[in-house]
Amino acid sequence: MSEIVSATKKKKICLSCIQPTGVITLGNYLGAVKNWAEMQDDYNCIFAVADLHAITVRQEPAALRKNTREMVAILLACGIDPERSLLFIQSHVPAHSQLAWVLNCYTQFGELSRMTQFKDKSARYADNINAGLFTYPALMAADILLYQADVVPVGADQKQHLEITRDIANRMNGLYPNLFTVPEPFIPKKAARVMSLQNPDKKMSKSDPNPKGCIAILDTEDQIIKKFKSAVTDSEAQVVYREGKDGINNLMSIYSAFSGKDYAEIEKEFEGKGYGDFKLAVGQTVADALKPIREEYDRLMKDPAHLDEICKNGAETASRFAYRTLNKVYKKVGFLPYGGK
Ligand code: TYM
């Protein structure tokens, strides 16, 4: 772990988080986690399970605990390597909440009101529009700025949160020079927004009321193929990437992300073939790619103590980074240090 701390100066810092709210979807995987695993060679990577964010929507406590540990196992199974990257649980590093409070005081009501995620979630959870849901972006900015992250790999839906993080960092740097690194989003070219298989104009999401629309990373081969076979497409029968063909475009972007083929190659491969063949090929490709993840997950879940140890070590190292920044911030904003010095 100490190599991670001392190597920080040489490589750029990459940070990202995921909420432990149930299964991870093919959208989470292609939009974010697959890229996290691939970035570990080139960056000093920091990944966290964002349990503090999760309670902006009401959670059943036992389920949240279970989902949090399962998320750690899934991330490891997806290739996050604790020897090379920091992996921890957000609530284990109190500096996240501490910096979030300071950032809240430098974030404007107006800019938070413009967040589309707040608007969507307050419509969906109309009986629980809590202050945490509103100030969520300040906590997310704290996650990122605490580690002076250079790059944040996320799906397209998080772009607006990255923009407000940059605004907050620039605003604070204007008041207190060189306080924060201003992070860049890293949004993949393919599959940055994986759409529901049943409703291709809506983002694939674990909260999709139609379970056939969402592929969970732990789905079995049979489940995956069945869901792709029943994917909603259009009334043509030509596998081409074109505006208006949302269902086919979505399947093509998923296939492209796994196979590395570009759209022209895919069109050629399926020239003269029907949608049935194409859907089956996409389903099989996804099932084959996810199988080793499911197997590794099953293996890891047999030893929860090992998972907890990884998180504990991760949080200890993360805290050292985090408190370095937090102390700097506390000093700049004018807090009298503990003990007076
Ligand atoms: P979350 O937990 O909703 O999603 C985790 C990651 O998955 C991406 N994603 C998708 N990408 C493509 N297509 C989809 N259908 C899809 N659905 C989800 C998300 O863009 C995200 O990258 N606020 C964040 C968690 C967070 C965070 C952070 C991220 C908290 N602190 C600091 C980056 C940096 C969220 O709710 O992600």
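Atoms within each ligand, like the ligands themselves, are counted from 1 in listed order.
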Query raised in the report: Cluster partners of Ile225, using ILVMFWY side-chain heavy atoms under 4.5 angstrom, listed by chain and number?
Result: Leu280

Query raised in the report: Once the angle between the rings of Phe134 and Phe109 is folded into 0 to 90°, is it parallel (under 30°), tilted (30 to 60°) or perpendicular (over 60°)?
Result: tilted

Query raised in the report: Could you give the distance from OG (Ser196) to CG (Leu26), rounded to the nearest 0.5 Å?
Result: 11.5 Å

Report task. List in chain and number order the residues that pass salt bridge (Lys or Arg N to Asp or Glu O under 4.0 Å) with Arg193, two or more places apart in sequence or in another chain; answer none if no residue qualifies. Result -> none

Query raised in the report: Should the ring pair Phe88 and Tyr147 be called parallel, tilted or perpendicular, given that the plane angle runs from 0 to 90° and is split at 30 and 60?
Result: tilted

Query raised in the report: Near ligand 1, which protein residues have a heavy atom under 4.0 Å away?
Result: Leu15, Ser16, Cys17, Ile18, Gln19, Gly27, Asn28, Gly31, Ala32, Ala50, His53, Tyr136, Met140, Asp143, Ile144, Val152, Val154, Gly155, Asp157, Gln158, Ala191, Ala192, Arg193, Val194, Lys203, Met204

Query raised in the report: Which residues satisfy the side-chain hydrogen bond (donor to acceptor under 3.5 Å, both in side chains) test with Tyr136, sequence neighbours excluded?
Result: Gln19

